[in-house]
Amino acid sequence: MARADFTPADRGELYIGGQWRPARGGGSIAVEDPFTEQVVAHVPAGTPADVDEAVAAAKSAFEPWAALAPSARAEHLSRLHQSLANRSDEIATTVTGELGTPIKVSHRVQTGLPLTVLDGYIRLAKETAQEGEIGNSLILREPIGVVGAITPWNYPLHQVMAKVAAALAAGCTVVLKPSELTPLVAYLLFDAVHEAGLPPGVVNLVPGTGPEVGQAIAGHSDVDMVSFTGSTATGRRISHLAADRIAKVSLELGGKSANVILDDADLARAVKTGVGNAFLNAGQTCTAWTRMLVPAAQYEQACELAVQAAKAYAMGDPFDETTRLGPLVSATQRDRVHGFVQRGRAEGATLLTPDDVPDRGYFVAPTVLADVDPKSTVAQEEIFGPVLAVIPFGDDDEAVAIANDSRYGLAGAVWSGDPDRALAVAKRLRTGAVDVNGGAFNPLAPFGGYKQSGLGRELGVFGLEEFQQVKAVQR
Ligand code: NAD
């Protein structure tokens with residue numbers, strides 16, 4: 001796919017009750033291409049009145065949708081899968097255009113992953129038992145109700161799909177607010193929803209800003225559960241709003257994950273894979289291993305390997321097949337990341353990589369920082385850009401202590417020549433996921449955070465169960 005294939009049009013409507021219709025307010029949101037720095041399309045800025053209508057549509061659709069057999073819901077989702085798969089190229093192009101993900105990664109991750117996740121929920125809807133028994137009790141798993149889904153911009157279709165597919169498979173109905181920075185791909189999803197003929201009101205789209213639409217969803221008395229992915233600060237705000245009515249909240253929040261490389265690891269492989277993980281999607285990845293922990297005796301060698309690996313991350317037009325590092329999503333995000341790098345240097349870190357960037361586009365160069373104090377800002381705060389902090393440790397206990405010295409706990413990695421030693425360290429990490437020796441991402445495994453990285457789990461059967469209530473019927 002080439003840049004010429006990215007020809008987004010303004011979208012003027014919301015999707016409510018199975019129909020495209022104008023927003024109640026007159027406002028609009030400009031969508032920017034972060035490489036050209038040009039506005040490429042507009043979408044409506046929804047309002048709390050739009051949220052009221054969308055929630056009412058989802059509420060009236062709930063009973064019949066929940067009453068369908070799971071296999072019947074799976075058939076609806078299969079048609080949605082087909083409609084989406086037919087749009088694969090357009091999805092990849094749209095995400096590359098509105099977010100800046102290199103086109104190869106867009107095909108594989110931004111398009112491929114949500115389709116895989118949807119496929120997984122089609123199968124789980126058919127296979128997962130809705131009933132069980134404990135003694136004289138019949139145990140029923142029932143959908144929780146109307147779900148408000150609020151999502152960020154970094155994996156804009158995947159994060160939507162992780163919620164929408166699971167909620168629909170469980171029998172819930174949904175009101176979605178995608179990120180205002182990347183709303184265009186959500187429109188492609190709802191084109192597919194419409195084409196697939198999902199029952200009216202089962203899933204609704206209200207684009208808009210967080211303070212307007214997001215808060216109206218999170219605080220709505222008829223929203224039974226809020227499923228949120230985004231920053232920890234916003235997650236906290238959403239929790240407060242939902243707490244007033246004791247509504248369930250599931251939160252997928254920030255991270256500051258550690259890549260722990262033990263002294264008997266294949267250092268070259270561990271560093272190269274670690275750099276790739278940290279720079280995926282220009283570092284705008286919640287699970288990014290942004291702290292690389294290496295034995296003090298191998299510190300210099302690891303830093304050299306990291307610098308070499310960083311050189312391979314060619315910046316450029318994300319539609320160019322040779323580009324490995326696209327721009328960040330916005331000028332604000334770029335400036336924020338630059339601010340962190342400056343702060344890191346002011347707090348004693350050494351910049352090992354060049355910081356020149358292309359003339360155009362919101363780029364941050366692939367950045368490796370050495371001599372990073374584990375207590376310093378760049379080792380503690382989520383940066384959300386291509387910035388890797390390399391930190392030395394003495395022994396395994398110290399590595400674990402540094403890794404766990406974080407308010408976050410989303411992901412991480414351990415490398416060792418001895419799988420048992422690696423697993424022993426993995427078990428000590430206070431984090432929702434750990435990859436041992438480059439173990440592959442599993443889209444059916446539970447995904448979520450310890451500590452301030454979140455509450456609840458997404459993906460696979462754990463993700464499905466988030467959207468269910470449990471009832472005991474005594475007989
Ligand atoms: P963000 O919190 O600024 O925004 C996320 C969503 O919340 C957007 O749709 C936004 O409009 C909305 N929002 C903002 N303020 C709101 C409010 N007051 N009330 C209701 N909704 C509001 O996050 P972001 O900048 O879009 O995304 C980056 C963050 O997301 C990072 O912290 C990253 O780690 C996190 N993230 C987490 C995961 C995960 O699964 N754990 C995945 C991806 C991203």
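Order of appearance sets the numbers: ligands from 1, and atoms from 1 within every ligand.
- Ligand 1 lies under 4.0 Å from heavy atoms of I150, T151, P152, W153, N154, Q159, K177, P178, S179, E180, G210, G214, Q215, F228, T229, G230, S231, T234, R237, I238, E252, L253, G254, C286, E382, F384, L410, F447.
- Note that CG of L459 is 8.0 Å distant from CG of L444, once rounded to the nearest 0.5 Å.
- Looking at Q215, its side chain never comes within 3.5 Å of a backbone N or O of R237 through a donor-acceptor pair.
- No side-chain donor-acceptor contact under 3.5 Å links E466 and S227.
- For the pair Q110 and P156, the minimum side-chain heavy-atom distance is below 4.5 Å.
- When every heavy atom of P327 is checked against every heavy atom of A282, the shortest pair comes out as O-CB, 4.3 Å.
- Put simply, the side chain of K256 gets close to the backbone of V378: a donor and an acceptor are under 3.5 Å apart.
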